[in-house]
Each structure stands twice: as C-alpha cells, then as structure tokens.
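Below, read A as the first sequence line, B as the second, and so on, with proteins coming before strands; counting in each chain starts at 1. Keep in mind that the numbers below use all heavy atoms, side chains included, and drop hydrogens, waters and symmetry copies.
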Number of protein chains: 2
Amino acid sequence: MSITYREVKADILRQITQGELAPGSSMPNEVDLAASYGCARATVNRAMRELADDGIIERRRKAGTRVRLNPIRQVRLNIPIVGQEIEELGAAYRYALVHGQAEPAPNWLRARMALKRDDRVLHLTCMHYADGAPYQHEDRWINLGALPEAEQHDFSDIGPNEWLVSTVPFTDAQISFHAVQADATFADYLDCTEGDALFQAERMTWLEGQTITFVQLTYRRGHRLTMQY
Amino acid sequence: MSITYREVKADILRQITQGELAPGSSMPNEVDLAASYGCARATVNRAMRELADDGIIERRRKAGTRVRLNPIRQVRLNIPIVGQEIEELGAAYRYALVHGQAEPAPNWLRARMALKRDDRVLHLTCMHYADGAPYQHEDRWINLGALPEAEQHDFSDIGPNEWLVSTVPFTDAQISFHAVQADATFADYLDCTEGDALFQAERMTWLEGQTITFVQLTYRRGHRLTMQY
DNA sequence: TTACGCCTTATGTCTATATCTTTTGAGAAA
DNA sequence: TTTCTCAAAAGATATAGACATAAGGCGTAA
C-alpha cells in the first residue's frame, strides 16, 4: 500500500521534535506536502488535522500552517464511576447508603443549582469502600423538580451515580477539583484525622439546561489523580 | 452544499440523547447510513469516528457500531504555563526566583527520577504572583545529566517552566493532582495558615526516555481546577 | 466435540477531484 | 490616509470508488 496518514503524521512530528521544523516556523501547504510524500491531499490533511487537534501545530485558512510556538499541553481525563475506578485498582468495591432524604433545597444550594423557590431536592450521603477501607465520601443533591422519579428509587444497593448514568446518560457537566480540610464528619467517615488535607471533586450536571444534580466527592487521605500526556 | 459531517454527527447524537437509539443497541452500518442521509460514506465515517472518539459510541470492524452502555465521560485538560494562566484570569503576573542551586540529587529524588548515582540536579524554588498575591509555589529539580545547559542559565527573570518549554518543547510527561497540608514554609510563601489544605500538582517530564525534570506546584489556598464536559 | 482455517462483512484508509469558506492582502474609493 | 471591496490562497469538507484489515461465523478435519 502507499503511505498512510499515520506515517505522514509521525514523520512531521519527528521533524518537529528533532528541530528540523522550528517552533513558530511555517510549513508547506497541503498540496506541496502531498506531492513530496507522494500521497493524496486528503492523507496529508488528516495527519495535519490530528496534529492541530493535539495542539502541536496551528492552522489558519489562507495564512497556512505553522508549528506552535508554545505547544499546547493537554491531557484527556476519564471520569470513571467510582465502582469501576476501585475495581480497576484490583480492589473489592463496597457501597453503602448513609443517609437519604427528600427536603426543600437550602438557600446555598438553590443559588448554586439555580433552583426555583419551592423546588425540593433529594439529599443522599453515601460511602464507597475499596477492600473494606473508606475510599470516597459522596454528598449528593438531586433536583426532584427535574427528576421526580428519584424520590421513589431505593438507593440502598446501587449508588446514585450509577443510577443517574443509566437513567439520564447524556448530560452536560462541570467538574472541579480542589483541596479541603477534613472536618469531624469527614475524619469519621474517611478514617483520617480532623484537619487532614483531602482531595475533593465537585460536579454539577445539566440536562438540556436544567440542573439535575450536584455532588461533592471527597477522597480518602492521600488520593491522587494521575494522568499521562 | 449537501449534508455535512457535523449535521450527521449532530443528528446521530440527537437520536442517542433523545432515546431513539438506546444505549447498547447497534446502529446501521456506514453504507446504509450514508444512503439514508443521502451523503457519501466518508461523511458518515467522519461523524461516527468523532462520536467514537468522544466516547459516545463503540466501533469494531466486522462487529459494527453500537451505542455505548456507559458513555465514557472525558474532559480535556489544558496544562497552561502559570504566567499565561494568571494573565488569562486578568491579573498581573509576577515571577520571583527564591532559591537556585546545583547539588547532588538526594536519594528520594534519585529513586523518583531514576537518576544514576552521581547525577547532579539543579534545584530551583520559585514563586508566582497574581496581582501581587501569592498564586503558586514551584519546587523544581532539573536533571543536569540530561540538560547541562540549565546550570549556566539565569532563572531570575524567566521561570524554569518557560525556559524548559522553549528549550525542550516536546516531551512526555506524567501529571498528578492531590491535596497537601501546608507546612510552615508553604504557609509563609503562600500567605496561609499552617495546616491549611492546599491543591498540589506534581509533574515529571521525560525526553526520549530520559528524565528531564520533576516539579511540585503548590497553589494558593482555595485554588480550583475547573473543567466542562 | 474441538480446533483450525477459510469466507464474508464492517470498518479503516487512500486516491483523485471538486466545491465551499475563511481570511488576507491588494487595489479602489472616499 | 483610511476604509471598503474583491479576488486569490489555503484549509475544510464532500464525493465516488477502491483496496486493506480485523474479526465473527461457519464448515471441515482431527
């Protein structure tokens, strides 16, 4: 077979990493590259498009393609369901519902989730264990105005995350990571000392503009989120 | 013009999100889809390829394409240089070199960076300020065996990150995020209280299998890393 | 029954060509 | 000089057709 887009991509990347193509320098256009590689323009296009997607090069119509001065470093972060995350670690997963109650939304949550004055929420507190040891504390609020069937559902066996993913699988979300100090409750549930630094994720989820759920995930002491790029 | 791959992609996504195509169900093959949309197979292919890339559908040769049972939730995380990060917040950026010294690698670092017994490292400590307030504390070690020119370089004006990016722009890296308690040093530099929970990133960088640098980035109290998906 | 090896099929990719869109730069007009 | 308009350039995308590759499934031989 003739040359593949992967080979073209690899060759261009090699030229860039080995300094044959300097950062900031502009590259030949697609037609010329296709001619020099002896392949079709579409092949070069795909290679270049992926390189642009990877943040290595920068493409602009008419202006042409150039090697980025500061290549964009980016990673892909998979957001797993905690049960899968634990099982991928090779540990046994156990789930426990600590507390579940439908209630009027407190003010701070109403503001945060953009709820209406009378909206009720289902407040769930859960624990996730890996090999019997506390792994993650989950504090979740579900908007019952948007998802009334949640009130009837029994969360003692399967976690709200799994239920939500199977009930409303395709949503928009915002996730944020930060550090918090363990208060007495976290110290208790996560088997650590009050004041310990804990890694926490917060996620808000929307379905067609409507806020579905807000969740605070607090990890056991020492948790790390690791990625390659 | 006729139908675009974006329209095809959007239509398939709509069918999935609105439940016309159930999770786990298999989809028509590319030839049939192309016929039903009245476009070329390549157009359908690109739409489907992107959906697969987004973790919405799953494709296997011969087996065909099906909607993922558990759509993979993933985000793209850009790793900015701290100066750019601060300027994008609309704040004034200031950099300061706290400490810089070439020294033999301590044992823990030798192990971590996989250095040889006699390798020396350049240990740099820096601070990054946003509008005059502490933003990030940087503790960095550069492998002088791999990058001897670092020892001659003066880091008082530009940060080691920027220098590294312009010197060895294309590297492999691993990044990890976690929470730490502020010790006296951090409390001092980051203007917080000892014991405060701080968000910390650690990054190790390789060039062609050789460890270049290890860095610990500790953010000011309350820092959040936020992403949409 | 089991294991091996074809055959078929769906996706993966390339070619060659054409049209569309965006953007820039030149030239005209104010 | 400044602003507007238009044409050319380069990437973005569409098409039709072909071949490549992986893998499920069935038939045959052990």
Student check: side-chain heavy atoms of A:Y129 and A:M127 closer than 4.5 Å: yes
Less than 4.0 angstrom between a side-chain N/O of B:T65 and OP1 or OP2 of C:dA10, yes or no? no
Please determine whether the number of non-hydrogen atoms from other residues, nucleotides or ligands lying under 6.0 Å from atom [atom1] of [X] exceeds 12.
{"X": "A:R14", "atom1": "CZ", "answer": "yes"}
{"X": "B:E7", "atom1": "CD", "answer": "yes"}
{"X": "B:R110", "atom1": "CZ", "answer": "yes"}
{"X": "B:R60", "atom1": "CZ", "answer": "no"}
{"X": "B:R221", "atom1": "CZ", "answer": "no"}

Comparing B:A63 and A:R60 on DNA chain C - which has the more 5′ nearest nucleotide: B:A63
Can you tell me the distance, in whole Å, between the [atom1] atom of [X] and the [atom2] atom of [N]?
{"X": "B:Y5", "N": "C:dT19", "atom1": "OH", "atom2": "C1'", "result": "16 Å"}
{"X": "A:E58", "N": "D:dG11", "atom1": "CD", "atom2": "C1'", "result": "14 Å"}
{"X": "A:E7", "N": "C:dT13", "atom1": "CD", "atom2": "C1'", "result": "12 Å"}
{"X": "A:I57", "N": "D:dG11", "atom1": "CD1", "atom2": "P", "result": "9 Å"}
{"X": "B:K62", "N": "C:dC6", "atom1": "NZ", "atom2": "C1'", "result": "13 Å"}
{"X": "A:R6", "N": "C:dG12", "atom1": "CZ", "atom2": "P", "result": "10 Å"}
{"X": "B:R66", "N": "C:dA10", "atom1": "CZ", "atom2": "P", "result": "13 Å"}
{"X": "B:N29", "N": "D:dA23", "atom1": "CG", "atom2": "P", "result": "18 Å"}

Does any N or O donor sit under 3.5 Å from an N or O acceptor when you compare the side chain of A:R61 with the base of C:dT23? no
Tell me, which of residues 21-28 of chain A have any heavy atom that sits under 4.0 Å from an atom in DNA chain D? none
May I ask you to check whether A:Y135 and A:E85 show a side-chain donor-acceptor distance below 3.5 Å? yes
Which of residues 30-56 of chain B have a heavy atom under 4.0 Å from DNA chain C? B:E30, B:R41, B:N45
Any salt bridge between B:D54 and B:R68, counting N to O under 4.0 Å? no
Rounded to the nearest 0.5 Å, what's the gap from CZ on A:R46 to NZ on A:K9? Could you check? 9.0 Å
